[in-house]
Amino acid sequence: MPDLRTWLSDVDKLGQLMTVENAHWDLELSTLTEIINERSRTRPAVVFDRIKDYPQGYRVAANLVSSVERLALTLGMKAGLSDMDFVQAWREQVKKITPIRAETVRTGPLFENVKQGKDIDVLQFPVPRWHELDGGRYIGTDDLVITRDPDEGWVNVGTYRIMIHGPDRLALHMSPGKHGRVHRDKYHGQGKPLPIAVSFGHHPINFVVASTDVPNRVNEYDYAGGILGKPLQVVHGPLTGLPIPADAEIAIEGEVSVDDVMPEGPFGEWTGYYASNQPAVPVIQVKALYFRNDPILC
């Protein structure tokens, strides 16, 4: 299964990858991405490196699936489709998707670095402050939030926004009705903390599927495998047992306790408006942090 790095190499071959160095994590990454989008027909994927205050190799990848060519690459479709041809081809393909169960492997590149306890610090990565009125630095924009139904055992992989409050404290916003929120409410209704895992860097097929609606109780990894025609590879988190992409760049495991809440937001959404701040959202208490050498935050 190709990982994010293989995907970026393929995008580079398409002529749609741009590397930007020496930008600041505070507002400049988002500003430069917007400027690049406005001035380039292909709206390239952008990888930021040598980010202010961070070592070379600790990168941020943005704007990954903002062209038809890159979206077709991500979905395993043929290259060279026009916008309308892509829409028509996807309409036909989506009718035929049969989920392929993810393959569980013993280990993966994700575990090249393991941090626990006082060694955990999510700000060792160049997490951006995206917009000037944001409530903080957001590590969760292109993320995979992984939870399991406590009664039925099915796993959900969703994309929800996550704001940093401290080295191991993350504010998690999940809208009512979302499957991750359903799982959280079930655990909390039983007076139990929600076990949780989150990936912050991964092959874009994961984000495309996690940020859209898939059939109820269908695992997003399996659905993504059905799109590609081959199984994704996952590892079981050592603490939670939850499935995490084996080739993820950065991931955490932790728990969301019943009465542990903090403010979250506002956050500038893709629509161009700010989503209002939330006075009290649940907090992920991070128990373990995993990352590859020279990690890429999506």
Side-chain angles (χ1 to χ4, degrees), residues 102 104 110-111 113-125 127 135-202 206 210-211 216-217 219-221 234-246 248 250-265 267 277-291:
T104 300
L110 172 62
F111 297 119
N113 300 275
V114 177
K115 303 288 186 180
Q116 292 183 318
K118 293 181 180 180
D119 292 332
I120 295 170
D121 184 3
V122 294
L123 285 173
Q124 74 180 92
F125 311 110
V127 179
R137 296 169 72 172
Y138 272 81
I139 191 170
T141 52
D142 170 350
D143 61 11
L144 309 177
V145 178
I146 306 151
T147 57
R148 188 187 303 275
D149 188 285
D151 302 322
E152 302 173 16
W154 58 279
V155 169
N156 182 69
V157 183
T159 295
Y160 313 116
R161 69 180 194 243
I162 296 177
M163 189 181 86
I164 295 177
H165 270 290
D168 60 354
R169 304 268 294 165
L170 309 175
L172 171 64
H173 182 277
M174 294 191 289
S175 301
K178 298 297 184 182
H179 291 156
R181 173 71 172 265
V182 171
H183 292 175
R184 187 201 81 190
D185 291 347
K186 282 188 174 184
Y187 271 97
H188 287 184
Q190 298 172 12
K192 299 176 181 178
L194 167 72
I196 196 166
V198 188
S199 170
F200 298 110
H202 31 257
N206 289 287
S211 59
N216 194 30
R217 289 173 173 76
N219 180 279
E220 281 80 2
Y221 296 135
V234 298
V235 291
H236 285 155
L239 302 184
T240 64
L242 291 166
I244 306 168
I250 305 166
I252 59 103
E253 289 187 284
E255 63 181 23
V256 180
S257 297
V258 176
D259 296 319
D260 190 2
V261 296
M262 294 189 80
E264 185 271 338
F267 178 69
N277 60 305
Q278 305 295 317
V281 303
V283 170
I284 301 173
Q285 180 62 51
V286 182
K287 302 291 187 180
L289 169 65
Y290 315 112
F291 59 97

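With contacts defined as side-chain heavy-atom distances shorter than 4.5 Å, the pair Val122/Phe200 does not qualify. Side-chain contact between Val198 and Leu144 is absent, with no heavy-atom pair separated by less than 4.5 Å. Annotation: side chain of Pro150 is not in contact with side chain of Lys192 (no heavy-atom distance under 4.5 Å). Residues His202 and Leu110 form no side-chain contact, since every pair of their non-hydrogen atoms from C-beta on lies 4.5 Å or further apart. Counting heavy atoms from C-beta outward, Tyr160 and Ser175 have side chains that stay 4.5 Å or more apart. Looking only at side-chain heavy atoms (C-beta outward), Pro193 and Tyr187 stay at 4.5 Å or farther from each other. Side-chain contact between Phe111 and Val235 is present, with heavy atoms from C-beta onward closer than 4.5 Å. Side-chain contact between Met163 and Arg137 is absent, with no heavy-atom pair separated by less than 4.5 Å.
Summarising the geometry, atom CD1 belonging to Ile162 is positioned 9.5 Å from atom OG1 belonging to Thr141; distances are rounded to the nearest 0.5 Å. We find the CD1-CD1 distance between Ile284 and Ile252 to be 4.5 Å, quoted to the nearest 0.5 Å. Atom NE2 in His188 sits 6.5 Å away from atom OG in Ser257 (nearest 0.5 Å). Taking CG of Leu289 as the reference point, atom CD1 of Ile250 lies at 8.0 Å (rounded to 0.5 Å). The OG1 atom of Thr159 sits 9.0 Å away from atom CD of Glu220, with the distance rounded to the nearest 0.5 Å. The CD atom of Gln124 sits 6.0 Å away from the NZ atom of Lys115 when rounded to the nearest 0.5 Å.
Between the side chain of Asp143 and the backbone N or O of Val145 there is no donor-acceptor pair closer than 3.5 Å. In this structure a side-chain-to-backbone donor-acceptor pair under 3.5 Å is missing from Thr147 to Gly180.
Each of Gln285, Lys118, Lys287 was checked for a side chain to side chain donor-acceptor pair (under 3.5 Å) with Asp168, and the lone residue meeting it is Gln285. For the side chain to side chain contact (heavy atoms under 4.5 Å, CB included) with Arg148, the qualifying choice from Leu242, Ile196, Leu194, Thr240 is Leu242, the only one to do so.
A search for side chain to side chain contact (heavy atoms under 4.5 Å, CB included) contacts involving Met262 returns His165, Arg169, Val283, not counting sequence neighbours.
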Practice task
Take Val157 and Asn206 through the side chain to side chain contact (heavy atoms under 4.5 Å, CB included) test and state the conclusion after the steps.
Solution key: CA-CA 9 Å; Val157 183; Asn206 289 287; over 6 Å; no

Problem - Candidate pair His173 and Phe267, rule side chain to side chain contact (heavy atoms under 4.5 Å, CB included), full reasoning - result: CA-CA 11 Å; His173 182 277; Phe267 178 69; over 6 Å; no

Problem - Audit row: Tyr138, Glu264, side-chain hydrogen bond (donor to acceptor under 3.5 Å, both in side chains) steps and yes/no - result: CA-CA 10 Å; Tyr138 272 81; Glu264 185 271 338; 2.5 Å; yes

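Of all heavy-atom pairs between Pro243 and Tyr221, the closest is O-OH, 2.9 Å. Contact between Val258 and Gly191 at its shortest, heavy atoms only, is CG2-C, 3.9 Å. Heavy-atom minimum distance, Ala251 versus Ile244: CB-CG2, 3.9 Å. Across all their heavy atoms, Arg184 and Pro282 have their closest contact at NH1-CG, 3.0 Å. The shortest non-hydrogen separation linking Leu239 to Ala288 is CD1-CB, 3.6 Å.
Ring geometry for Phe291 against Phe125 counts as perpendicular: the plane angle is over 60°, on a 0 to 90° scale with 30° as the lower cut.
Within 6.0 Å of atom CG in Asn216, more than 12 heavy atoms from other residues, nucleotides or ligands are found, so the atom counts as buried in its surroundings. Counting heavy-atom neighbours within 6.0 Å of Lys186 NZ, excluding the residue itself, gives a total above 12.
A donor-acceptor pair shorter than 3.5 Å can be found between the side chains of Gln190 and Asp151.
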